[in-house]
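What follows is one structure encoded as structure tokens, with my remarks underneath.
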Amino acid sequence: MSGKSKPTKLQGPKGTRDLYPTEVLKRRYIQNAWRDASLRCGFDEIEGPTFESTELYSVKSGEGILGELFQAYSGKSPNEVEQVQKTGRAPYALRPEFTPTLARMYAAHAKQLPRPCKWFTAGPYFRAERPQRGRLREFLQWNVDFLSDNNTPDGRAQADTETMLCCIAALENLGLTHNDCKLVAGHRGAMEHLARIQGISEERSQKWMQLIDSRPKMSREKFIDHALSQGFSEQDVAELEYTLQSLSILPPHEAATRLVDFMTQKMSVTIDKTASGIMQDIGTELESIIYRMSTQVPEEWFKLDLYIVRGLAYYTGTVFEALADGERAVAGGGRYDNLIELMGGPPTPAVGFAMGDVVLGNLLEDKGLMPEGAELMEAAARPQASIRPEAFVVPNGDEDNEPLVHTLVANLRRGVENEDWLSRGNRKPWHADRYRVRPLHARVSYKSTRNLGKLRADAEKQHAKFFVEIHADNKVEITDMDKRESITSDTHGSFHVDPSAENYVGRALSALC
RNA sequence: GUGGCCAUAGUUCAGUCGGUAGAACGCCUGGUUGUGAUCCAGGAGGUCGCGGGUUCAAGUCCCGUUGGUCACCCCA
């Protein structure tokens with residue numbers, strides 16, 4: 001420094017944040033909620049590098065992402081520098097999203113990884129966009145992905161449901177209710193078929209999906225203008241509206257069946273039989289999702305809205321968003337059955353979503369759900385969810401028990417809130433007396449077997465602490481996997497699946513763990 | 001990438017028609033009071049984001065630039 005010229009004050013780069021002690025705690029509070037939710041839902045934490053080869057993003061992403069990459073190079077070799085100057089493309093890029101890394105990581109070890117593979121990760125991401133409300137150039141994002149090999153309609157539905165429930169679990173952890181925010185799902189696959197029926201070609205489909213995606217943002221007049229400008233006709237829009245409007249007034253499960261009836265009918269006369277077979281599968285899948293959601297979360301949380309298609313090209317099935325008034329989407333995701341293969345991995349159906357800390361933080365502040373002062377310090381240091389699975393729930397014999405497994409697991413993961421806390425006007429999610437039965441890390445087996453020995457082996461492989469069998473009459477038996485002994489009804493009474501029951505199994509488990 | 005608004009003390013903001021700087025809170029010092037909470041007195045702290053221009057004179061008007069913010073585009 002030359003003495004004469006005074007040092008200029010350096011500002012942080014555009015779109016970045018400096019986090020002082022209080023903000024760090026607020027962010028930790030959010031991260032903890034994410035981690036807790038994913039752990040309890042049986043997802044394992046992974047981490048990838050924060051920068052990747054630029055190539056990784058060009059494979060799948062196309063212009064959209066490439067224009068907004070922060071690029072990097074080491075500067076160690078002259079030809080590297082030359083290449084950057086020539087092509088304008090550096091060999092590395094700060095990651096703008098996690099999915100390509102996930103695909104890469106999965107592909108590299110696909111053969112030795114357990115199936116299904118349930119992974120989550122939270123960390124910083126970078127996009128060279130113009131910052132605005134809810135969007136910065138560096139932000140924290142939580143990614144949750146469910147990769148499986150079960151490609152039946154019901155298998156997909158189970159993965160979709162679990163993934164969406166994990167998203168809801170985090171929102172609930174943070175004190176958000178279905179009055180603040182909802183999970184709204186559509187189905188890209190169904191909409192693609194609908195487009196085919198309408199005579200919209202596969203080449204124009206991506207444009208059509210982006211158009212549909214934009215519908216909620218504008219008036220009908222503007223929407224039609226927009227459609228015309230994209231090369232679609234007023235007739236196209238009218239057909240779309242006719243189909244979807246008649247469905248939107250129906251309860252979700254009826255809407256799903258009606259949609260399928262409508263499309264298979266159309267297809268049987270117009271196109272081919274395999275298409276109508278696929279449509280049947282989509283119908284089964286949608287019905288299963290709707291049924292599963294209805295048994296695992298209060299129904300107000302979940303809405304079907306086929307206008308939700310999301311802009312990204314690679315979605316193939318269910319797509320969903322967590323939506324709150326006055327904010328951009330809090331979370332978004334969907335099923336991407338072809339992407340892993342596209343990235344050089346084995347064919348792997350998958351579903352996942354991402355949630356950023358910026359919009360979520362805005363929402364929490366607006367709703368008065370961000371703790372401050374002493375409460376913030378305590379809230380940010382709350383005990384974390386158990387990494388080790390606390391309960392491994394299986395049905396015993398009776399087929400009728402199987403739906404109960406999912407309901408019980410959902411309840412164990414959610415915990416039971418105290419009456420006192422619930423009836424208190426100024427209750428906050430971080431208050432110590434929130435739970436009567438704390439949320440637990442609960443897992444299920446994805447094996448198709450009913451053989452108890454094999455299920456027990458599965459539980460052992462996952463290092464579960466307690467093995468939970470559901471018997472007839474909603475009675476539950478618990479086995480301590482470490483001590484290899486049954487917790488008998490003599491010492492603890494017989495346990496029940498009903499959270500309101502005095503001998504609720506979750507209460508026993510939370511005491512034991 | 002396009003457009004609107006904004007930038008003055010540590011913070012939140014006033015600042016009229018162009019006449020070289022103000023409040024509140026916070027901070028520091030002293031005093032009162034049964035704590036460190038109240039009240040009183042005093043004090044420190046500003047190249048008005050940065051760079052040009054117009055003018056006798058610019059926080060104020062003009063141009064540029066950087067940053068913030070909001071909307072569009074886009075959404076991983």
Side-chain angles (χ1 to χ4, degrees), chain A residues 4-18 20 22-23 48 50-52 54 56-70 88 93-104 121-145 167 186 188 206-207 209-219 222-223 225-226 229-230 308-316 319-323 326-336 338-340 342-343 350-360 362:
Chain A
K4 271 188 202 165
S5 66
K6 71 177 135 200
T8 43
K9 259 186 205 165
L10 284 181
Q11 298 169 303
K14 182 204 287 246
T16 61
R17 295 168 286 186
D18 293 333
Y20 293 89
T22 301
E23 286 95 72
T50 47
F51 68 97
E52 289 273 8
T54 307
L56 184 71
Y57 301 111
S58 10
V59 174
K60 159 218 121 180
S61 316
E63 294 74 51
I65 277 189
L66 287 179
E68 284 165 354
L69 283 182
F70 274 112
L94 302 186
R95 61 179 182 188
E97 56 164 330
F98 186 68
T99 314
T101 303
L102 174 95
R104 190 177 61 68
T121 185
Y125 293 83
F126 312 86
R127 295 174 194 168
E129 291 181 297
R130 189 136 176 201
Q132 58 183 279
R133 183 173 174 82
R135 178 192 284 174
L136 296 171
R137 289 182 152 195
E138 181 186 22
F139 52 93
L140 224 58
Q141 197 173 72
W142 174 43
N143 276 260
V144 177
D145 292 274
C167 179
R188 175 67 76 85
Q206 172 65 12
K207 274 229 157 13
M209 291 302 145
Q210 282 175 352
L211 180 77
I212 296 174
D213 192 47
S214 73
R215 176 66 244 261
K217 280 192 276 186
M218 48 186 84
S219 67
K222 255 187 114 181
F223 180 64
D225 282 350
H226 190 43
S229 78
Q230 297 291 309
I308 304 274
V309 292
R310 297 189 60 75
L312 239 69
Y314 58 65
Y315 289 124
T316 54
V319 283
F320 59 94
E321 294 177 344
L323 298 175
E327 299 284 354
R328 60 182 72 238
V330 179
R335 175 160 284 279
Y336 49 98
N338 304 325
L339 188 61
I340 307 264
L342 208 92
M343 304 286 309
V351 58
F353 70 90
M355 185 185 292
D357 73 312
V358 186
V359 176
L360 180 63
N362 285 342

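Chain naming here is simple, since letters A, B, ... match the order of the sequence lines and numbering starts at 1 in each.
- Rounded to whole Å, the distance from CZ on A:Arg133 to C1' on B:rC75 is 17 Å.
- At B:rA76, one or more side-chain N or O atoms of A:Arg310 fall inside 4.0 Å of OP1 or OP2 (strictly under the cut-off).
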Inset, instruction - Kindly determine whether A:Gln132 and A:Arg328 satisfy side-chain hydrogen bond (donor to acceptor under 3.5 Å, both in side chains), including the steps that lead there. - result: CA-CA 11 Å; A:Gln132 58 183 279; A:Arg328 60 182 72 238; 2.8 Å; yes
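- One N or O donor and one acceptor, one from the side chain of A:Arg127 and one from the base of B:rA76, sit under 3.5 Å apart.
- Residue-to-nucleotide proximity on RNA chain B shows that, of A:Lys14 and A:Arg135, the 5′-proximal contact is made by A:Lys14.
- To the nearest whole angstrom, the two P atoms, one in B:rU16 and one in B:rC74, are 42 Å apart.
- A donor-acceptor contact shorter than 3.5 Å is absent between the side chain of A:Arg215 and the backbone of A:Ile308.
- Using a 4.0 Å heavy-atom criterion, one finds that A:Tyr315 contacts the sugar-phosphate atoms exclusively.
- Base pairing in RNA chain B gives the following stems of 3 or more Watson-Crick or G-U pairs, range against range and under 3.5 Å: B:1-7 with B:66-72, B:10-13 with B:22-25, B:27-31 with B:39-43, B:49-53 with B:61-65.
- Distance check on atom P: B:rU33 versus B:rC40 gives 16 Å, rounded to whole Å.
- Separating the P atom of B:rA44 from that of B:rC28 is a span of 16 Å, rounded to the nearest Å.
- Regarding A:Arg137, its CZ atom lies at a distance of 13 Å from the C1' atom of B:rU66, rounded to whole Å.
- For B:rG67 and B:rG53, the C1' atoms lie 22 Å apart once the distance is rounded to whole Å.
- Straight-line distance between the C1' atoms of B:rC72 and B:rA58: roughly 35 Å, to the nearest whole Å.
- On a pure distance criterion of 3.5 Å, a polar donor-acceptor pair joins the side chain of A:Glu68 and the base of B:rA76.
- Distance, A:Leu69 CG to B:rC75 P: 15 Å, rounded to whole Å.
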Legend entry - Contact pattern, 5' to 3', of nucleotides 4-11 of chain B - B, S or - by protein heavy atom under 4.0 Å: --------
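- When the C1' atom is compared between B:rA37 and B:rU32, the two are found 14 Å apart, to the nearest whole Å.
- Note on A:Arg135 versus A:Glu129: salt bridge recorded, some NZ/NE/NH1/NH2 to OD/OE distance being below 4.0 Å.
- Annotation for A:Phe51: atom CZ does not count as buried by contact number, only 12 or fewer foreign heavy atoms lying within 6.0 Å.
- Within the 3.5 Å criterion, the main-chain N or O of A:Arg127 finds no donor-acceptor partner in the side chain of A:Glu138.
- Tested against A:Pro96 for a side-chain contact (heavy atoms from CB on, under 4.5 Å), the candidates A:Tyr57, A:Phe126, A:Phe70, A:Tyr125 yield a single pass: A:Tyr57.
- Between A:His226 and A:Gln141, the residue anchored nearer the 5' end of RNA chain B, judged by the nucleotide with its closest heavy atom, is A:His226.
- Using a 4.0 Å heavy-atom cutoff across all strands shown, A:Gly15 reaches sugar-phosphate atoms only and no base atom.
- Put simply, CD on A:Glu129 is 18 Å from C1' on B:rG67, counting in whole angstrom units.
- Using P as the reference atom, B:rA9 and B:rA14 are 12 Å apart when rounded to the nearest Å.
- In this entry the distance linking CZ of A:Arg17 with C1' of B:rG67 reads 17 Å, nearest Å.
- One can place CG of A:Asn143 at 11 Å from P of B:rA76, the figure rounded to the nearest angstrom.
- B:rG45 and B:rG22 have their P atoms separated by 15 Å, given to the nearest Å.
- Remark: P of B:rC74 and OH of A:Tyr314 are 17 Å apart, rounded to the nearest angstrom.
- Within 4.0 Å (heavy atoms only), A:Gln210 reaches sugar-phosphate atoms of the nucleic acid but no base atom.
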